[in-house]
Amino acid sequence: IKEELYEDSLNWFTKALNLKPTVDLLLNKSNCLNRLGRLDEARILLERVKDEFKLDHLKTKKLLEISFRNNIDLANENVKEYRYEKAIEFFQLAIINNEDKSCLSKIASCFLKINRYDKAFSSIEEFLCLNPTKEKEANNLFADYYSALGLRELENANYDNAISFFDQAI
């Protein structure tokens, strides 16, 4: 049902834009495209807004902030629905043009959920480098990382390796 509403809204925004293009209509259309998972089209539309309306620095920053929040919301929705790969995409989109890199921790958590330990580890390291004041959060992520590796080794009956990973988690 949700998808149908976004499709309907997208059609109405397109019709309205044909009559009179405005920044708000373009942003709303971009948001609908984002929500429908049509990320490339949404990105192109945001570029069109910047180009056609010759937005100054403050307006461009506001535009990027709206995009950031939309992507974070979409990522969180996907996490709730256990669609971690899709959540990672939205978190990565959110940080492309934003100074706030704190969602790297959420990316790391998603990678852990889908057993992509190499990607999780590098995301945790990047998070710590970009957010040195959040060492405690990074340490918790490293603990989750080593615990996950320990559980994997335990399932494979590699008990010595499992113990080693669990020790690192502590």
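We're numbering straight along the sequence, starting at 1.
- Among all heavy-atom pairs drawn from Leu141 and Leu112, the shortest one is O-CD1, 4.3 Å.
- Interatomic distance, CZ of Phe111 versus CG of Asp118, reported as 8.0 Å (0.5 Å rounding).
- Put simply, Leu104 and Ile114 are part of the same group of oily side chains (I, L, V, M, F, W, Y) that touch within less than 4.5 Å, one to the next.
- Contact annotation: the side chain of Leu17 approaches that of Lys29 to within less than 4.5 Å [non-hydrogen atoms, C-beta and beyond].
- In terms of the salt bridge (Lys or Arg N to Asp or Glu O under 4.0 Å) criterion, Glu125 has no residue partners (sequence neighbours excluded).
- Looking at Ile72 and Cys103, their side chains come closer than 4.5 Å, going by heavy atoms from C-beta outward.
- Considering only heavy atoms from C-beta on, Phe91 comes within 4.5 Å of Asn76 through its side chain.
- With sequence neighbours excluded, the residues forming a salt bridge (Lys or Arg N to Asp or Glu O under 4.0 Å) with Arg83 are Glu81, listed by chain and number.
- Partners of Glu155 by salt bridge (Lys or Arg N to Asp or Glu O under 4.0 Å), not counting sequence neighbours: none found.
- A heavy-atom distance below 4.5 Å is not found between the side chains of Leu36 and Glu41.
- Annotation: the span from Leu33 atom CG to Asn28 atom CG amounts to 11.0 Å, rounded to 0.5 Å.
- Sorted by first and then second residue, the side-chain hydrogen bond (donor to acceptor under 3.5 Å, both in side chains) pairs with a member in residues 85-96 form an empty list; sequence neighbours excluded.
- Phe121 meets the ring-ring contact (aromatic ring centres under 6.0 Å, His included) test with Phe142, Tyr145; sequence neighbours excluded.
- Contact annotation: the side chain of Leu154 never approaches that of Asn161 to less than 4.5 Å [non-hydrogen atoms, C-beta and beyond].
- Between Lys119 and Ile88 there is no side-chain heavy-atom pair separated by less than 4.5 Å.
- For the residue pair Leu74 and Asn78, the shortest heavy atom distance occurs at O-ND2, 2.8 Å.
- Side-chain heavy atoms closer than 4.5 Å link hydrophobic residues (I, L, V, M, F, W, Y) into clusters, and following such links, even through other members, never connects Leu26 to Ile44.
- Among all heavy-atom pairs drawn from Leu25 and Lys20, the shortest one is CD1-O, 3.4 Å.
- For the ring pair (Phe, Tyr, Trp, His ring centres under 6.0 Å) condition, no pair includes a residue of residues 150-170, sequence neighbours left out.
- Considering CZ of Phe13 and OG1 of Thr22, their distance stands at 9.5 Å, rounded to 0.5 Å.
- Note: Leu128 CG to Ser123 OG = 12.5 Å, rounded to the nearest 0.5 Å.
- Side-chain contact between Cys110 and Val79 is present, with heavy atoms from C-beta onward closer than 4.5 Å.
- Within 6.0 Å of CG in Asp160 there are 12 or fewer heavy atoms belonging to other residues, nucleotides or ligands.
- Considering CG of Leu149 and CG of Asn115, their distance stands at 9.5 Å, rounded to 0.5 Å.
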Evaluation steps, side-chain contact (heavy atoms from CB on, under 4.5 Å), between Asn158 and Arg152: CA-CA 9 Å; Asn158 297 326; Arg152 182 187 69 186; over 6 Å; no
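- Leu130 is not listed as a side-chain neighbour of Phe127, based on a closest heavy-atom distance of 4.5 Å or more.
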